[in-house]
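Since the structure comes first, as structure tokens, the remarks are kept for the end.
Just so we're on the same page: letters track the sequence lines, and every chain starts at 1. These numbers come from the heavy atoms of this one structure, side chains and all, not from hydrogens, waters or symmetry mates.
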Amino acid sequence: MPHHIDPLHPWNIPLTEAAALQQELAARLVFDRPVGPIRWVAGVDGSYRRFCPDMWVAVVVWDAMTGETVEQVALTGRVPFPYVPGFLSFREGPLVLQAFERLQHWPDAVLFDGQGIAHPRGLGLASHLGLWLDLPSVGVAKSRLCGEAVDPLDEPGAWSPLELSGRTVGAVLRTRTRCRPLYVSPGHRIDLAGALDLVQQCLRGYRLPEPTRLAHHAVSAARRAAARTG
DNA sequence: GCGACAG
DNA sequence: ATCTTGTCGC
């Protein structure tokens with residue numbers, strides 16, 4: 001576990017400062033292929049409730065070799081930041097990092113619900129948190145934040161480059177026929193080819209990769225259990 | 001000014 | 001993201 005995680009600072013700051021911080025941090029991103037094999041892949045998901053300043057977060061560590069869940073953590077807490085397009089990491093970051101602090105099994109890589117470098121200032125949720133966690137990370141968003149791309153063919157594995165101001169910042173990936181594609185972009189310590197490989201290795205017949213799907217189920221289950229218990 | 005806008 | 005039942009299609 002990296003020792004430099006501080007969930008309180010510098011997350012709760014004005015948007016102008018947050019934007020400046022994003023630009024600074026983006027310059028520190030690394031896009032090398034991960035050195036070792038990636039076996040344990042973490043998936044992260046969050047859940048909210050209308051008119052409620054709280055959120056639930058779940059992290060699931062999934063074994064790509066066996067297809068089994070290695071560990072899962074779910075917790076709830078107040079979000080310190082409203083949802084503002086382009087600043088999602090400042091909203092979900094603190095709670096997501098708290099969840100990672102509780103993990104007994106450190107993953108080899110992380111799949112986030114959101115963008116990596118396919119972001120106005122090059123630092124989406126996956127890039128920001130990947131940097132903090134010092135882990136290879138990938139942004140797997142269900143919709144577009146920025147950039148342009150042609151619609152990929154309706155065939156699993158088909159993808160088209162996501163371009164932003166002349167740069168390929170990600171890919172629009174069809175993971176399943178007749179399903180809307182996913183927006184995959186490198187977060188940190190991985191390149192686009194590696195990100196696409198990893199996501200596809202985690203697919204098991206559904207639109208979303210398993211770590212993400214399981215995290216979604218875990219957060220829903222945790223929320224329902226809490227509602228029943230009180 | 002207008003439209004777009006991860007979760 | 002969330003509020004929501006049934007329903008159409010593979």
Next item on the list: Answer whether the closest heavy-atom distance between the side chains of A:Asp45 and A:Thr212 falls below 4.5 Å.
Entry: no
Checklist line | Those residues of residues 143-153 of chain A lying under 4.0 Å from DNA chain B by at least one heavy atom | finding: A:Ser143, A:Arg144, A:Leu145
Check: Roughly, in whole Å, what's the span from CZ in A:Phe51 to C1' in C:dT2?
Finding: 9 Å
Check: Is A:Asp113 paired with A:Lys142 through a side-chain N to carboxylate O contact shorter than 4.0 Å?
Finding: yes
Check: With sugar-phosphate meaning primed atoms plus P, OP1 and OP2, does A:Arg176 contact a base, only sugar-phosphate, or nothing at under 4.0 Å between heavy atoms?
Finding: nothing
Next item on the list: Using the closest heavy atom to pick a nucleotide of DNA chain C for each, name whichever of A:Asp45 or A:Arg178 lands nearer the 5' end.
Entry: A:Asp45
Checklist line | Nearest-angstrom distance from the residue atom CZ of A:Arg50 to C1' of C:dT4 | finding: 10 Å
Notebook entry, point to check: Is there side-chain contact between A:Arg189 and A:Asp134, with heavy atoms separated by less than 4.5 Å?
Noted result: yes
Checklist line | Nucleotide C:dA1, atom P - distance to CZ of A:Phe81 in whole Å | finding: 20 Å
Item checked: N or O in side chain of A:Tyr83 less than 4.0 angstrom from B:dA6 OP1/OP2 -> yes
Note to self: Without decimals, in angstroms, what is the distance between A:Trp56 CH2 and C:dT2 P?
What the structure shows: 14 Å
Note to self: Mind checking if A:Gly139 touches a base, just sugar-phosphate, or nothing, with heavy atoms under 4.0 Å?
What the structure shows: nothing
Next item on the list: Please report, rounded to the nearest Å, how far the P atom of B:dG7 is from the CD atom of A:Glu92.
Entry: 9 Å
Next item on the list: Report which part of the nucleic acid A:Phe90 touches: base, sugar-phosphate, or nothing (heavy-atom distance under 4.0 Å, all strands).
Entry: nothing
Note to self: Could you check whether any side-chain heavy atom of A:Val57 comes within less than 4.5 Å of a side-chain heavy atom of A:Phe100, counting everything from C-beta outward?
What the structure shows: no
Margin query: By nearest atom, which of the nucleotides C:dA1, C:dC3, B:dC5 is closest to the A:Pro85 side chain?
Written below: B:dC5
Notebook entry, point to check: A:Arg49 CZ to C:dC3 P: how many Å, rounded?
Noted result: 7 Å
Notebook entry, point to check: Does the side-chain ring of A:Tyr183 lie flat on the base of B:dA6, meaning centres under 5.5 Å and planes less than 30 degrees apart?
Noted result: no
Next item on the list: May I have the distance from A:Leu111 (atom CG) to B:dA6 (atom C1'), rounded to whole angstrom?
Entry: 15 Å
Notebook entry, point to check: Do any side-chain nitrogens or oxygens of A:Lys142 fall under 4.0 Å of OP1 or OP2 in B:dG7?
Noted result: yes
Next item on the list: Look at all strands and tell whether A:Thr177 reaches a base, only sugar-phosphate, or nothing, counting heavy atoms closer than 4.0 Å.
Entry: nothing
Check: A:Gln115 has an atom CD; how far is it from atom C1' of B:dA4, in whole Å?
Finding: 14 Å
Item checked: Interatomic spacing from CG in A:Leu192 to CZ in A:Arg33 - rounded to 0.5 Å -> 9.5 Å
Notebook entry, point to check: Is any side-chain heavy atom of A:Gln22 closer than 4.5 Å to a side-chain heavy atom of A:Phe87?
Noted result: yes
Notebook entry, point to check: Quick one: are A:Tyr83 and A:Pro85 in side-chain contact, heavy atoms under 4.5 Å?
Noted result: yes
